Protein chains: 2
Amino acid sequence: MAPDKRVTIRDVALAAGVSPGTVSRAMNDSSLVNEDTHRRIMRVVEELDYTPNVVARRLSLGKTLAVGVIVPFFTRPSVSERLNGVVSLLATSQYDLVIHNIEAPEQRVTCLTEIPFNEQADGILSISLTPTDAEAERLAQAGLPVVLIDGDHRALKGVHHQVTVDDVAGGEATTRYLIELGHTKIGFVGDYHDNPFNFTSSRDRYVGYQRALWEADIPVRAEYLEENQHGRRPARESARNLLALTDRPTAIFAASDTQAVGVLEAAREAGLTVPDDLSVVGYDDVEIADILGLTTRRQLLFESGRRGVELLLQTLENPGTERVFDTLPTELIVRETTAPPQG
Amino acid sequence: MAPDKRVTIRDVALAAGVSPGTVSRAMNDSSLVNEDTHRRIMRVVEELDYTPNVVARRLSLGKTLAVGVIVPFFTRPSVSERLNGVVSLLATSQYDLVIHNIEAPEQRVTCLTEIPFNEQADGILSISLTPTDAEAERLAQAGLPVVLIDGDHRALKGVHHQVTVDDVAGGEATTRYLIELGHTKIGFVGDYHDNPFNFTSSRDRYVGYQRALWEADIPVRAEYLEENQHGRRPARESARNLLALTDRPTAIFAASDTQAVGVLEAAREAGLTVPDDLSVVGYDDVEIADILGLTTRRQLLFESGRRGVELLLQTLENPGTERVFDTLPTELIVRETTAPPQG
DNA sequence: ATGAGCGTTGCAACCGGTTGAATTAAACCG
DNA sequence: CGGTTTAATTCAACCGGTTGCAACGCTCAT
């Protein structure tokens, strides 16, 4: 009944008539143990159904064989897709994945300052977070490899690698596309550019938006910028404001697909036809964009996760690796929500 | 430069002029330690910035202070939402969350048979997986508390608690709603009922569908059942088949919202207006349902995750806890994709 | 003064692996 | 046949905490 105490390495040693050390070696680097002994030990392992205790192993090795992943709001489709890339590659390695979700700004602090220190992970993957200078310094102290996915902090040594997208360029190119279609009155619906999580993508895309306008000699109008909480509903509100302007935009660039959906809803409410009365562009190219036929700028979410893990594993194997700053490309996916302005 | 070796409990002990044991006690149950000593130790801890090594702690305690979560396809919105519930509650506890994603049937086996055995977790949460009898037995052997969220296996002792939805009842009620609207030709678009992951929800909902028809004396027509891979695209294909029938259904019940989206797409392709020419109902009530105005049966995804964790933590605290089988309610959310059949 | 009783603290074993150094046994060589 | 190399294995320390038990110092009652 009582699930007989776990089988330990000493049990195996006893049964095989060797010392624990030999069993240990047999299970790892067979090179030092005799062929026959090895086989014998393995047979006993089989028989007793022995599985090494990972925790003991970790303590002894001084490695946790786990990587910590810090993600904010992992239910957001873009984040979830990145995480998916992370998980898919990590599953093929010996490392476990310990997840730390951040839903509130306080958690952000705890995660970034405590996790690296309690030896729970050999490396840290941070998704969509841009550490402040103080946080980066603290990370550096911990001496763990840190990889930023969709987060930028080249300045300090705490960060080893990063995988990003050039959001400024992406925002610029997307805006330029709208301009080339003939739009000059282009609204922007994004997150609060100053937010407690220090999310930077919306802000960066807006910077790109401004650049595109400048280059085209189109004035940047303050009333065309709407900042709000992230999300579909807040974006809908923001879009309502834009569409209520006396000189309303003929196109709206949303900082994410989720927000673009809110924009589309606001347009419908206002009785506007998309794309005839209003063009809408999103960012990310998550599934909803395909479903709704939303024109958007695609970024390689899944790949960013995979690439991040790849870099982290590389560093764990070989701590001397040079720092890498990857920038993944983006691509405009034109669907049915954009067209030249009417009249 | 070299991030000076980690501070251990012995360093603290030395600095505070006590033994490691006392420091350990001071950090845990202060009751045995003198007030003054306690304060002194804590000051040193502060000064040296000491954090206990979790791995050593785990080995010594014989507990891993982590729970393993096994999820298939966590990018599916319904699963992700459940996971969200899990994470949100677990974050408030001392337990870490180690994720194991399953994307292929082989992984299913590894996860269910190995993970419980290598002492990586004190308890297991399994989401949307129904263990086979053999797997359940193996789980029981491991002697770990296991909680099934959206999975059913009351038969064996391996499972401690479970949190489910009555999919049969949900499917029946949903179908009855269509019947009450006046539909008699109702198609069903679901997963392969026989699949390597042993997902049962689609199958169960279909059983409910059959019951509703029987009760209403409507014949169950084999050609109205379409099984396919899970997903929007396969569901679209399936719906195409249904709509191509000479006596096509006037309503389609999709086993999930994701699949309902595929059905809507097929309807649009076929030039049918929803809900006038075709009614469509989904299941889950994930965000896309709200966006598209899809009538659907809501289930409490987030809550199911939270509740599962609650039960698991309870059992970890107090191993004697009685087994609990929770069934969460569902609710029909009527939106704009259902109406009485035309003519 | 003696010893019981209590609150604190130290000691040392233990959790279950890993690993460098020491040991043993076999093999080889002049 | 002694001496040395080499391969295989054992030994014991170690990773960094936890904890039962012993020991210590003190108070208090006898």
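Below, chains carry the letters A, B, ... as their sequence lines are ordered, and counting in each starts from 1. Because the structure is predicted, anything quoted here is derived from the model rather than measured.
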- [ ] Starting at atom CZ of A:Arg10, determine the distance to atom P of D:dT10, rounded to an integer number of angstrom.
- [x] 14 Å
Open item on the list: Under a 3.5 Å cutoff, is there a donor and acceptor pairing between the side chains of A:Arg58 and A:Thr64?
Closed with: no
Task: Smallest separation among heavy atoms of B:Leu316 and B:Pro145, with atom names - done: CD2-CG, 3.7 Å
Task: Salt bridge present between A:Asp122 and A:Lys63 (N-O < 4.0 angstrom) - done: no
Open item on the list: Under 4.0 Å, counting only non-hydrogen atoms across every strand here, what does B:Leu61 touch: a base, just sugar-phosphate, or nothing?
Closed with: sugar-phosphate
Task: d(CG, A:Asn53; P, D:dC15) in whole Å - done: 18 Å
Task: Closest approach of A:Arg76 to A:Phe199 (non-hydrogen atoms, all atoms of both residues) - done: NH1-CE1, 3.9 Å
Task: First of B:Gly21 and A:Tyr50 reached from the 5' end of DNA chain C, by closest nucleotide - done: B:Gly21
Open item on the list: Need to verify one output field. Residue with the more 5' nearest nucleotide on DNA chain C, A:Asn28 or B:Val18?
Closed with: B:Val18
Task: side-chain hydrogen bond (donor to acceptor under 3.5 Å, both in side chains) partners for A:Asp152, two or more places apart - done: A:Gln162
Open item on the list: Determine whether a donor-acceptor pair (N or O, by modelled atom type, separation under 3.5 Å) exists between the side chain of A:His161 and the backbone of A:Val324.
Closed with: yes
Open item on the list: Which residues in residues 32-46 of chain B have a heavy atom closer than 4.0 Å to any atom of DNA chain C?
Closed with: B:Leu32, B:Val33, B:Asn34, B:Thr37
Task: Touch class at under 4.0 angstrom, heavy-atom based, for B:Ser24 against every strand present - done: base
- [ ] Decide yes or no, distance alone: a donor-acceptor N/O pair under 3.5 angstrom between the base of C:dG16 and the side-chain of A:Arg57.
- [x] no
- [ ] With heavy atoms under 4.0 Å as the rule, sort A:Arg58 into base, sugar-phosphate or nothing.
- [x] nothing
Task: Touch class at under 4.0 angstrom, heavy-atom based, for A:Val23 against every strand present - done: nothing
Open item on the list: Under 4.0 Å, counting only non-hydrogen atoms across every strand here, what does B:Thr8 touch: a base, just sugar-phosphate, or nothing?
Closed with: sugar-phosphate
Open item on the list: With a 3.5 Å cut-off and heavy atoms only, can you find an N or O donor on one side and an acceptor on the other between the side chain of B:Arg6 and the base of D:dG16?
Closed with: no
Open item on the list: Tell me the bend of the helix from C:dA1-D:dT30 to C:dG30-D:dC1 as the angle between end helix axes, each from five pairs, rounded to the nearest 10 degrees.
Closed with: 70°
Open item on the list: Salt bridge or not between A:Arg6 and A:Asp49? Use side-chain N to carboxylate O under 4.0 Å.
Closed with: no
- [ ] Kindly say if A:Ser60 contacts the phosphate of C:dG17, meaning a side-chain N or O under 4.0 Å from OP1 or OP2.
- [x] no
Open item on the list: Counting only side-chain nitrogens and oxygens, does A:Thr22 get under 4.0 Å of the OP1 or OP2 atom of D:dT10?
Closed with: yes
TODO: Please examine the side chains of A:Val86 and A:Leu97, heavy atoms only from C-beta on, and report whether any two atoms are closer than 4.5 Å.
DONE: yes
Task: Between C:dG16 (P) and B:Leu59 (CG): distance, integer Å - done: 7 Å
- [ ] Please state whether the base of C:dT8 and the side chain of B:Arg25 form at least one donor-acceptor pair under 3.5 Å?
- [x] no
TODO: State whether B:Arg306 and B:Glu310 are salt-bridged, where the test is any N-O pair (Lys NZ or Arg NE/NH1/NH2 against Asp/Glu carboxylate O) under 4.0 Å.
DONE: no
TODO: Identify the two heavy atoms, one from A:Met42 and one from A:Ala26, that lie closest to each other, and give their separation to 0.1 Å.
DONE: CE-O, 4.4 Å
